[in-house]
Amino acid sequence: MKKASLLILFLVQVLLVHAQKLTVSALTTDYNNNPVGTGNVKPAFAWKLSSSERNTLQTAYELQVAATMPDISSGKNLSWNTGRVNSGQSVHVLYNGPELKSRQRYYWRVRVWDNHGNASPWSGIKYWETGLLNPSDWSAKWIEAAEITNGAVSPAPVFFRSFNVSAPVKSARLYITAHGLYEAKLNGKNISNHLLAPGWTSYHKRLQYQTYDVTSFLKSGGNVAAVTLGDGWYRGFLEWQRKRNWYGKEAGLLYQLEITFADGKKQVIVSDEGWKSSFDGPIKTSDIYMGETFDSRLDKPVTAAVAKNWKGVRVVHTSLDNLVAQQGPPVVRHEQFKALKVIKTPKGETVIDFGQNLVGWVQVKIKGRAGDTLKIKHAEVLDKEGNFYTGNLRTAQQEDSYILDGTDQFLEPHFTFHGFRFIKITGLHGEPDKDNFTAVAIYSDMQPTGTFTSSNSLVNQLQHNIQWGQKGNFVDIPTDCPQRDERLGWTGDAQVFFNTAAYNMNVASFFTKWLQDVKADQYANGRVPVVIPATQKRGNDGSAGWADVSTIIPWNFYTVYGDKQLLEHQYSSMKAWVEYVRSISKNNLWNSGGHYGDWLFYTMADDRDGKAAITDKYLIAQTFYAASTQNLINAASVLGKNDDVATYTALLKNIKDAFNREYVTPSGRLVSGSQTAYVLALNFDMLPENLRQQAAQRLVDNIKTYKNHITTGFLGTPYICHVLTRFGYTDVAYKLLLQETYPSWLYPVKMGATTIWERWDGIKTDGTFEAESMNSFNHYSYGAIGDWMYKVITGINAAEPGYKTIRIAPQLGGNFTTAAAGLETMYGKVASAWKTEGSKITLDITVPANTTAKIVLPGAASAAVTESSVAISKVKSVKDVIKSGNDLALTAGSGTYHFEYTLSGK
Ligand code: RAM
């Protein structure tokens, strides 16, 4: 009886939930699902609404926080309760409760009300857990191996300590970081799947520590903690001068294991004099560029008996003020690739092809002879003859060596990564079995957010290449390339690619972290380094289009995510940069300093006609001076800094006036006639309105003289198609996109590229390489076209920051018959897909709850438009239907829509 009534009760509840028209889910704290070890004292909450009704907007929310699961479930003993707040805000709701404590888990839930009078049930329960918020929370000391290396290449030191657990454990947390990279084990098991931790930051100013829940790794009785340290970015090779030890000479460990017992008592194990160290572990050398040497014969579990004769450690007294909680997503393993085929090259090399240029390493299953050395060298391409080619890696060796122990082994490196599609194998007896080799991609763990597909398979491959360019170069920091002796946080590349990156994946945490390093490494006078984290001072620090990263990414970030907190954090950095340029400018002209200009623009060997697309570097600088000032004004107005808005608006006028005096003839011709010159001048509104259309015409004429080829370098490329679209030349933009001969986006695709190349012609039509030493085949910058594909072909735009209002305005063209894109925004999924069959057009659009979309139906001005077979005028969630030129514009509430119409006059 009792059971039966319980069952009925349960069924009633299930039905109730199903009957719910409005629910709330996907709760995040600072963009993350249940983050552990956070450092933000004002975390930002977000959630997504789902509704079975169209046109749903949140009208109110209630958010509750408690310190325990029972309390939050019952809504009792709350530490913070907003009560019902009449507000549509469902993203970036800032915590405003009592001051957060260190090492505390906070549980939270939310419920919402909507404009149809629905109330949602309480959401599921989520949590966030703070890390160590104050330097005084640390009792650990920095330790280094007893033997000093003095910066020499050395084996990876292993640190050891045993301890006893004598009572039942309730929970345990490990707070850990390193000088170098760490791999931590408890009782022989890796405590996490994170790779290359603690990541790369401006170490002396900001060093991330990580927090791990290690409760399940402990056992009662004797326990063993072991940590191996790799050289990493801290003391390994960086840059191309064969230089190591950029941050310090010795690897170091900071370790704090806090165990809470069932009875509430605590035990803390910290790095201190009580540890032991050894250089006799299996990793003989490890380096990001060079690879790793691993002697499997030395790979033994670290036990008290093994460590008995190890040396002690040195305690170093370093300030802990630079410690910050992990901010970005961790680097983890992602896709795996089976070997496609084994190749014998003309030179007789044994090479395996994985079919995709990727970043990571190769996992090997092998049983070899004890003492044999298996060597795996990595390369992106084969040369013209089909031989293994490493010329473009410069001094980076990208080689992993394994000394085998004669047993069945599974091998992969620990503290390195390689950019490759091919591997060359030596040291094996007999031919390799390709099934024993698997390539693994590693990159920062960002959620995929965007998809783009179309009826054009070459463009689909381009999209694939853009996404792989992103994966390979988002390994903790945004890098220029992932293979040669560079792999640096080049700021120009990052700003050029940001918008595209933010369509493809959720890059919010990734860039929140990196932007803090931009700010930290900025010079006291506001000048911004061209590489972040900054390894050294460079003559070109402050280069236009590179240093402007300090205003471009924060502002674009705000557009995509609507995150005011980020803008607030970066504001002083943005302003300092603009002030720096102002301080070196003369008569409002930025005409000094070293600049990379329109890097890698189109040039040709025999240039008698002057066809090389050279753009005056100071003309470029002036446009970026204006762009940065505009971004600063935008940020100032969002943050309510009205004095700054006034000051910089006046400055911006002077900058533009100076531009027109210096670089523009009275009839509107620019001193540099290149595509980039016109693109930048138009994109950043440098010209008076009456000269803009003629400038766009000059740009189009220029493109024609190159027979519809793009000639822009890094700085012009992201904007060229946008400018063409803005001035009514989307057809020309499509021609550029679909161009298949060099220089163009599809030329590398036709040449078999699986990633974006650094140069338009990295490999020439005859199979030779354009350049020896600077010729990366995985450089995302030119992938910046992705932004235009999403924004214009499928038409997905943020009309209000963070996509609270969405503009969906697809522009058909280029012989595409279908194009479809999806984007997971902070509010939920936006989708736009179109199809043409003769003159019939169908458009499928998804607008997430709590947003509104402005939709433009192309060419529909005088068509009879239906939505799911209903005349559009009768659709309740659609309003303000108006003609806009040839198009039909309308406002739609949330929901999915299927529009159909036939173009007239076709
Ligand atoms: C190259 C980098 C990068 C570029 C700089 C100027 O070495 O690869 O892409 O931004 O130079």
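Counting starts at 1 for both ligands and their atoms, following the listed order.
Among all non-hydrogen protein atoms, the one lying nearest atom 1 (C) of ligand 1 is Glu486 OE2, 3.5 Å. Protein heavy atom at the shortest distance from atom 9 (O) of ligand 1 is Asp493 OD2, 2.6 Å. Protein heavy atom in closest approach to atom 11 (O) of ligand 1: Trp599 CZ2, 3.5 Å.
Under a 4.0 Å criterion applied to the non-hydrogen atoms of Glu758, ligand 1 contributes the atoms 8 (O). Near Phe714, with a cut-off below 4.0 Å to any heavy atom, the atoms of ligand 1 are 9 (O). Near Trp546, meaning under 4.0 Å from any of its heavy atoms, are these atoms of ligand 1: 6 (C), 10 (O).
Ligand 1 is never approached by His595 to a heavy-atom distance shorter than 4.0 Å.
At a 4.0 Å heavy-atom cut-off, ligand 1 does not touch Arg487 at all.
Annotation: Trp468 is in aromatic contact with Phe337 [ring centroid separation under 6.0 Å]. A distance of 6.0 Å or more separates the ring centres of Phe422 and Tyr389.
Salt bridge present: Asp517 and Arg206 bring a charged side-chain N and a carboxylate O closer than 4.0 Å. Under 4.0 Å is where a charged nitrogen must lie from a carboxylate oxygen, and between Arg484 and Glu758 at least one such pair does. The pair Lys377-Asp400 does not count as a salt bridge, with every side-chain nitrogen at least 4.0 angstrom from each carboxylate oxygen. We find that Lys611 and Asp607 are not joined by a salt bridge, their nearest charged nitrogen and carboxylate oxygen being 4.0 Å or further apart.
Comparing Val531, Thr479, Asp480 by heavy-atom distance to atom 8 (O) of ligand 1, the nearest is Asp480.
Between Tyr596 and ligand 1, no N or O atom pair is found at a separation short of 3.5 Å. Annotation: Trp490 places no N or O atom under 3.5 Å from an N or O atom of ligand 1; distance criterion only.
Under the 3.5 Å distance criterion, with hydrogens and angles disregarded, a donor-acceptor pair is assigned to the side chains of Asp766 and Thr768.
Using the six-membered ring where Trp is involved, Phe714 and Trp546 have ring planes that are parallel, under 30° apart on the 30 and 60° scheme.
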